[in-house]
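For reference, the structure discussed in these notes is given below.
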Number of protein chains: 2
Amino acid sequence: MKASQEFFQQFMLLYRSFEHHLNDVLGNYGLYRAQWSILHYLANNGSATLVELAQYLRVEKPTITRTISRLENIGYLSHIPGKDRREKRIEMSETGYILYAEVRIAVDALEEDILSGVSEEQQQQTTRIMKGIRHQLTSKEHTNEQK
Amino acid sequence: MKASQEFFQQFMLLYRSFEHHLNDVLGNYGLYRAQWSILHYLANNGSATLVELAQYLRVEKPTITRTISRLENIGYLSHIPGKDRREKRIEMSETGYILYAEVRIAVDALEEDILSGVSEEQQQQTTRIMKGIRHQLTSKEHTNEQK
DNA sequence: ATCTAATAGTTACCTTAGCTAACCATTAGT
DNA sequence: ACTAATGGTTAGCTAAGGTAACTATTAGAT
């Protein structure tokens with residue numbers, strides 16, 4: 001079997017396994033994967049517009065709108081006025097950040113546990129490879145759009 | 001940021017990017033990811049029972065039942081009688097395999113393209129790491145069950 | 001300055017694909 | 001022979017993706 005085929009087979013399988021465990025942890029806090037990934041982005045980047053999130057997460061705008069509105073309803077987000085009146089710039093609210101910090105600890109523990117058999121260097125190397133692959137995919141998307 | 005956190009961040013992002021492209025390809029053949037993963041399993045293992053698939057794909061039985069029944073309706077599967085009359089053992093039908101072979105070519109091309117910047121050795125090494133991580137997750141699940 | 005694109009976001013609606021709970025049929029174990 | 005356990009199905013829920021069509025605002029071209 002091709003090396004690339006085996007790579008993606010394992011990749012997909014690992015994704016499901018990991019998602020399974022992640023859902024377990026997030027479920028304890030009433031969160032879901034898509035919501036969590038947005039909170040994670042906001043924690044690392046401070047604020048975001050919906051388009052920014054859509055591009056980063058590789059998802060269409062309506063998907064983001066829905067997930068955001070759920071987070072808004074729970075009260076985890078607040079708005080920042082941007083100079084462009086079309087855009088909706090958001091950040092985590094006080095309560096949003098408090099929750100994030102708490103869940104972050106649990107998720108970190110899970111992730112470290114899962115990777116306990118992999119050396120730090122290997123983790124970093126693999127992360128670099130995945131970054132590179134994603135970059136390759138992104139440029140592929142751009143050339144496709146120009147067609 | 002922790003190495004493990006960065007690892008899973010990139011992992012999740014790459015998953016979405018890849019799924020996006022995979023859907024594009026599969027869509028041309030009227031297939032979806034979950035269906036494809038079952039065909040893939042059957043291609044590699046010859047036949048399977050539903051429980052076997054559920055465990056392999058880390059999904060509950062009803063999920064498998066539904067996906068299987070779709071594949072059956074299209075006519076891509078056929079039954080093999082097993083000795084146990086409870087179990088439903090399936091394999092790919094003639095038309096199923098013909099389709100699989102055709103889609104396989106397209107998916108292989110996509111996967112090779114995506115990994116074109118990664119050396120064969122690195123691919124294999126990463127595959128090994130992912131296998132190891134999944135194994136770690138599986139044993140974790142077993143110890144949890146015994147509690 | 002005005003008119004036309006393009007961009008940001010929303011709404012409505014559809015589908016896949018997960019889940020749990022409750023169930024039937026069959027087999028295994030005591 | 002009776003009770004577990006196992007394999008599978010049904011019904012029904014939800015998250016999370018998608019497209020199409022829309023509004024409001026901004027940017028660009030003439």
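Basis for what follows: all heavy atoms, side chains included, without hydrogens, waters or symmetry-related copies. Per chain, numbering begins at 1; letters A, B, ... match sequence-line order.
Under the 3.5 Å distance criterion, with hydrogens and angles disregarded, a donor-acceptor pair is assigned to the side chains of Thr138(A) and Arg58(A). Side chain to side chain, Tyr15(B) and Glu19(B) meet the donor-acceptor criterion of an N or O pair below 3.5 Å.
Syn is the conformation of dA5(C), whose glycosidic angle sits no further than 90° from 0. Using a 90° window around 0 for the glycosidic torsion, dA6(C) falls outside it and is classed as anti.
Among residue pairs with one or both ends in residues 38-50 of chain A, none qualify as salt bridge (Lys or Arg N to Asp or Glu O under 4.0 Å); sequence neighbours excluded. Counting only residues at least two apart or in different chains, ring pair (Phe, Tyr, Trp, His ring centres under 6.0 Å) contacts with residues 62-95 of chain A are absent. Within the structure, side-chain hydrogen bond (donor to acceptor under 3.5 Å, both in side chains) pairs that include any residue of residues 118-136 of chain A comprise Arg134(A)-Ser17(B), Gln136(A)-Ser116(B) (at least two apart or interchain).
Contact annotation: the side chain of Phe7(B) approaches that of Ile133(B) to within less than 4.5 Å [non-hydrogen atoms, C-beta and beyond].
If you check residues 27-45 of chain B against DNA chain C, the residues with a heavy atom closer than 4.0 Å are Tyr32(B), Arg33(B), Ala34(B), listed by number.
For Ser47(B), the side-chain hydrogen bond (donor to acceptor under 3.5 Å, both in side chains) partners are Arg89(B), not counting sequence neighbours. Ser93(A) pairs by the side-chain hydrogen bond (donor to acceptor under 3.5 Å, both in side chains) definition with Thr95(A), not counting sequence neighbours. For the side-chain hydrogen bond (donor to acceptor under 3.5 Å, both in side chains) test, residues two or more places apart in sequence or in another chain that qualify with Arg86(A) are Asp84(A). Under the side-chain hydrogen bond (donor to acceptor under 3.5 Å, both in side chains) criterion, Arg66(A) pairs with no residue, sequence neighbours left out.
First and last contacting nucleotides of DNA chain C toward chain A (any atom under 4.0 angstrom from a heavy atom, 5' to 3' order): dA6(C) to dC19(C).
Taking atom CG of residue Leu71(A) and atom P of nucleotide dA15(D), one finds them 12 Å apart after rounding to whole Å. Between Leu22(B) atom CG and dG18(D) atom P the separation is 13 Å, expressed in whole Å.
Neither OP1 nor OP2 of dG17(D) sits under 4.0 Å from any side-chain N or O of His20(B). Here Arg16(B) reaches the OP1 or OP2 of dG18(D): one of its side-chain N or O atoms lies under 4.0 Å away.
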What does nucleotides 1-10 of chain D look like as a protein-contact string, B for base, S for sugar-phosphate only, - for none, at under 4.0 angstrom between heavy atoms?
----BBBBBB
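Map Asn23(A) and Arg85(A) each onto its nearest nucleotide of DNA chain D; the residue landing nearer the 5' end is Asn23(A).
We find the CD1-OG1 distance between Ile68(A) and Thr63(A) to be 11.5 Å, quoted to the nearest 0.5 Å.
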So what does the secondary structure string of DNA chain C come out as, 5' to 3', with Watson-Crick or wobble pairs under 3.5 angstrom, [ ] for crossing and | for pairs with another strand?
||||.|||||||||||||||||||||.|||
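Between Leu71(B) and Gln35(B), the closest heavy-atom pair is CD2-CB, 3.8 Å.
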For residues 102-110 of chain B, which side-chain N or O atoms pair as donor and acceptor with protein atoms under 3.5 Å away, sequence neighbours left out?
from, atom 1, to, atom 2, distance (Å)
Arg104(B), NE, Asp108(B), OD1, 3.3
Arg104(B), NH1, His40(B), ND1, 3.0
Arg104(B), NH1, Tyr100(B), OH, 3.2
Arg104(B), NH2, Asp108(B), OD1, 3.2
Arg104(B), NH2, Glu111(B), OE1, 3.4

